Amino acid sequence: MEYNFKEIEQKWQSYWKENQTYKVDVDPSKPKYYVLDMFPYPSGAGLHVGHPLGYIASDIYSRYKRLKGFNVLHPMGFDAYGLPAEQYAIQTGQHPAITTEKNIARYREQLDKIGFSFDWDREVRTCDPQYYKWTQWAFIQMFNHWFNKKTQKAEPISQLIATFEKEGNLQVEAACSDTPVFTAEEWKSKTEKEQQSLLLNYRIAYLADTMVNWCPQLGTVLANDEVKDGLSVRGGFPVVQKNMRQWSLRVSAYAQRLLDGLDSLEWSDSLKDIQRNWIGRSQGADVTFEVKDSKVQLRIFTTRPDTIYGVSFMVLAPESDYVRELTTPEQAKAVAEYLDYVAKRTERERQSEVKTVTGVFTGSYAINPFTQEAIPVWISEYVLAGYGTGAIMAVPAHDSRDYAFARKFNLPIIPVIDNGQPIDLSESSYDAKEGKMINSGLINGMEVKEAIAFIATEVEKRGIGKSKINYRLRDAIFSRQRYWGEPFPVYYKEEMPYMMDESKLPLELPEIDKYLPTETGEPPLGRALNWKTEEGYPIELNTMPGFAGSSAYYLRYMDPHNDRALVSPEADHYWRNVDLYLGGAEHATGHLIYSRFWNMFLYDLGVVCEPEPFKKLINQGMIQGRSNFVYRIVGTNTFVSAGLKDRYETTEIHVDVNIVRNDQLDTEAFKKWMPDFANAEFILEDGKYICGWAIEKMSKSMFNVVNPDDIIHEFGADTLRLYEMFLGPLEAHKPWDTQGIDGVYKFLRKFWRLFQQEETFSISEEAPSREELKILHKTLKKIEYDIENFSFNTSIPAFMICTNELTSLKCNKRVILEPLVIAIAPYAPHIAEELWHQLGHDSSVTMANFPQWEEKYLSEDAFEYPVSFNGKVRFKLNMPLTATSAEIEAAVKAAPEAAKWLEGKEIRKMIIVPKKIVNVVI
RNA sequence: GCCCAGGUGGCGGAAUUGGUAGACGCGCUGGACUCAAAAUCCAGUGUCCUCAACAGACGUGCGGGUUCGAUUCCCGCCCUGGGUACCA
């Protein structure tokens, strides 16, 4: 019987479905293991061959863990809210829910064909009201909590109010927006509206006027991670800064915990680094400068207090409040002109023209607290309003940006560090934190590091500043002016936001007639009829961003049908957190930060029992496309083969990779491919048309998309699974090239044939030979090692070698083959299931135990093992590694076992390799 | 600029972490089977020494170093990919 993958795969996929083979439940008798894939956004294009790479790897690991006796949670769902469905709705009027539903069905169909062991009973969809109920619920909790810096955790806002009523806010150390100090009496005398307004400064989910990334083309604001190089990540539209009243999440409060938590995680170093940089902790000091002839105190942040004697000017961010306070009447006009210039520049221009130095003098002078010198205060866009205090002390000798500014505006450059030889400041500043202080009064002669510490304490002693840690991480802007997202469970009374009662959740997304903003510029929800509470209060018109629904989905999988809690304590305490998480590295500064934040918040509330959501994380690489090209001679419909193209003037044209095989074009198929090419002519080489090729992103426009359905149709799902793993290391980016798939397919047929004799299934009950046992155990050891280390790519050669060796031994013994069927089951579950049943088992191979390899079958006795290979003979010999060749030669010759191998032969060369093995070339 | 990862045959990639570099697969060449093709099987395939065998030399981006021994460790460069970017 030939290996009929179609029949086998269909048969077992429906068997698994009918028997609910992969359904899991809490089972305290077994250890748990939670394997999670980043759930996909179901796009209209369907899956290409690159998408399932991570799913296949996680499926292999899940199946392996199951065979090792773990109770494995391996769920899948859909990140269903997103812009493409909404854009499509705007164009066609079709409700995004319909598009989304259709795309999910298509994804599901494609996924099912690959034979994954997902427990689909636990599927979640972020747009399902029963799911987003808990997204809204979490938001309400964030609104009702504040972050206490003393305890470093979230605490109920009701306790904060009690404190305000008792003693005001002087003693409160909160992660909060700028808030004036007030007493208990002052608090009590405030109106409800005033109190609510103040509380917003403390809440973890808060409404505030903030500078946001506004994307006019998308008609919405975006979070920092959704903007790259001044353009929106989705769509690539320009983004401008705009002050708007928006919801934000106080992610920055958790900056230190997000940073510290990384140490406990098994993530790649590069991913941890990305997060560390994004959080951007920097230790320094706030220092206050008096201003000459003014009551204003200019507070700045610096990480280099040691250079305070080198300050020759101060710089304010254009958006800083100090600008208004410090601009003198004489300079008012110049400053106004400059602010106008800055306002007109887009974020992109500001970023791309970093080298252009601009600025204006305010007219004011600050007093250096250490030298009492008056130093001019300038304004420049190189200082950012959102970081530190929005103002800096400039030390041009030791900061390259200050240096450029000083050069441009002819400001003094005072060196205060000497690194042994005189430093050269004619071309650039000296930024290194190394050397001895000079020109620096109190700290002359100190090492830089000493000086930093000294000035920091000195500043505190004098009461003009204090040590401070700044983080680059900003709060996450949480409003989107969009329709297709979770509605906020928020209504407004006297312009102040209030949360809906939890019993009213979910607040379902209303129907609207058009998916565009209203005529008055309100978000699409402004079109919803009766969008108000029973009492008649208006409901929030913004919706939540994409990361809202993906922040806690891993928790929902633990207990997906619970309508009383996000996750029950029982389910949470059993499944705890994700043991292995697989997904792309592009989520490093988005989802993976938000999710950790969200989880930490719920941890503070006692809702979840683990502070970190994802213990181990692997970033699978991207599968790139391999594009093919044809070369059209300019002005003709004649195409010249790649090898001859240099003789003509040609245009390179992408050609569909599906009509090219081994870079050879199917010219007939090409003529049919597009009407333009119907009467194409070809200049061939050696009778063939050879295409050019390049590695590019897999995309429709480059005609290099390979669909997994086509591969499965031709070779089967098991071959696809094996080949995707065989392609290269999981974490590497690698091009897809269908050419090589034959080798893997051949292997599966060979493996199948081990169980076949004269066209029928045939297995022998004979006892195995030592050699066969060795082949088996060698393979098992390798497979186990590979899976544990996620090097699935090297397992496949091990299976191939094993199969070849057993084939040449004509081995069809049960004791050898049965363990191999189990070992291959994680990789190729369909063929394994079929063979497992043919071997006489009634239950699924999933229920089997992974066979344990044993060292005793692998050991080689000394001298039992002269195997000849590549003209060499290998001996095992007790010799120190440092032995000379003469000593080894003598030892080899002296050993009686060696005699029969060396008889009459001359020893040409000997190489000692480890494990006391000597290679002898004869 | 700064941080991280990587550079191995015609191609994808191995090398169990300092021990026979190039496993395995693709491609290519030759052969067997076949009327033929497909499929299958066998052999060869890093480079150079004008062909082959024997032998040899050179070979893991480049230049040094440590070591009996380096793709692996150290120092200095070059290139590719990713992250980040006036973050004071």
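A, B, ... follow the sequence lines: proteins, then strands. Residue 1 opens every chain. The analysis underlying the following values was restricted to heavy atoms, covering all of them including side chains, and did not include hydrogens, waters or symmetry mates. What you see is a predicted model; the values in this text were computed from it and never measured.
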Sorted by chain and number, sequence neighbours left out, salt bridge (charged side-chain N to carboxylate O under 4.0 Å, His left out) with A:Asp666 holds for none

| Going by an N to O cut-off under 4.0 Å, is there a salt bridge joining A:Lys272 and A:Glu266? | no

So the salt bridge (charged side-chain N to carboxylate O under 4.0 Å, His left out) pairs with at least one residue in residues 382-391 of chain A (sequence neighbours excluded) are none

Is A:Asp273 touching bases, backbone alone, or none of the nucleic acid, heavy atoms closer than 4.0 Å?
-> sugar-phosphate

Read 5' to 3' with Watson-Crick or G-U pairs under 3.5 Å, [ ] for crossing pairs and | for partners on another strand, RNA chain B gives (((((((..(((......[....)))((((((.......))))))(((.......)))..(((((..]....))))))))))))....

Residues pairing under salt bridge (charged side-chain N to carboxylate O under 4.0 Å, His left out) where one sits in residues 725-754 of chain A, two or more places apart or in two chains, turn out to be A:Arg626-A:Asp737

A:Glu381 has its side chain closest, among B:A88, B:C86, B:C26, to B:C86

- Query: How would you label the contact of A:Asn793 with the nucleic acid (heavy atoms, under 4.0 Å): base, sugar-phosphate, or nothing?
  - Reply: sugar-phosphate

query: Base, sugar-phosphate, or nothing for A:Ile801, non-hydrogen atoms under 4.0 angstrom?
result: sugar-phosphate

Expected list for residues 312-322 of chain A near RNA chain B, using heavy atoms below 4.0 Å, is none

Applying salt bridge (charged side-chain N to carboxylate O under 4.0 Å, His left out) to A:Arg299 and not counting sequence neighbours gives A:Asp286

side-chain hydrogen bond (donor to acceptor under 3.5 Å, both in side chains) pairs touching residues 381-390 of chain A, sequence neighbours excluded, are A:Ser282-A:Tyr387, A:Arg345-A:Glu381, A:Thr358-A:Glu381, A:Tyr382-A:Asp402

Base, sugar-phosphate alone, or nothing: which one does A:Ile274 contact when heavy atoms must sit under 4.0 Å apart?
sugar-phosphate

Within residues 746-757 of chain A, those residues having any heavy atom closer than 4.0 Å to RNA chain B are A:Lys746, A:Arg749, A:Lys750

Hits for ring-ring contact (aromatic ring centres under 6.0 Å, His included) against A:Trp278, two or more places apart or cross-chain, chain-then-number order -> none

| message | With a 4.0 Å limit, can you tell me whether A:Ser268 has a side-chain N or O closer than that to the phosphate oxygens OP1/OP2 of B:C4? | response | no

Under 4.0 Å, heavy atoms only, any strand: does A:Arg304 hit a base, just the sugar-phosphate, or nothing?
sugar-phosphate

Taken in chain and number order and not counting sequence neighbours, the residues that satisfy ring-ring contact (aromatic ring centres under 6.0 Å, His included) with A:Phe629 are A:His654

Across all chains, not counting sequence neighbours, the side chain to side chain donor-acceptor pair (under 3.5 Å) partners of A:Lys781 are none

Hits for side chain to side chain donor-acceptor pair (under 3.5 Å) against A:Asn224, two or more places apart or cross-chain, chain-then-number order -> A:Asn213

(Q) Categorize A:Phe726 for me: base, sugar-phosphate, or nothing, with a 4.0 angstrom heavy-atom threshold over every strand shown. (A) base

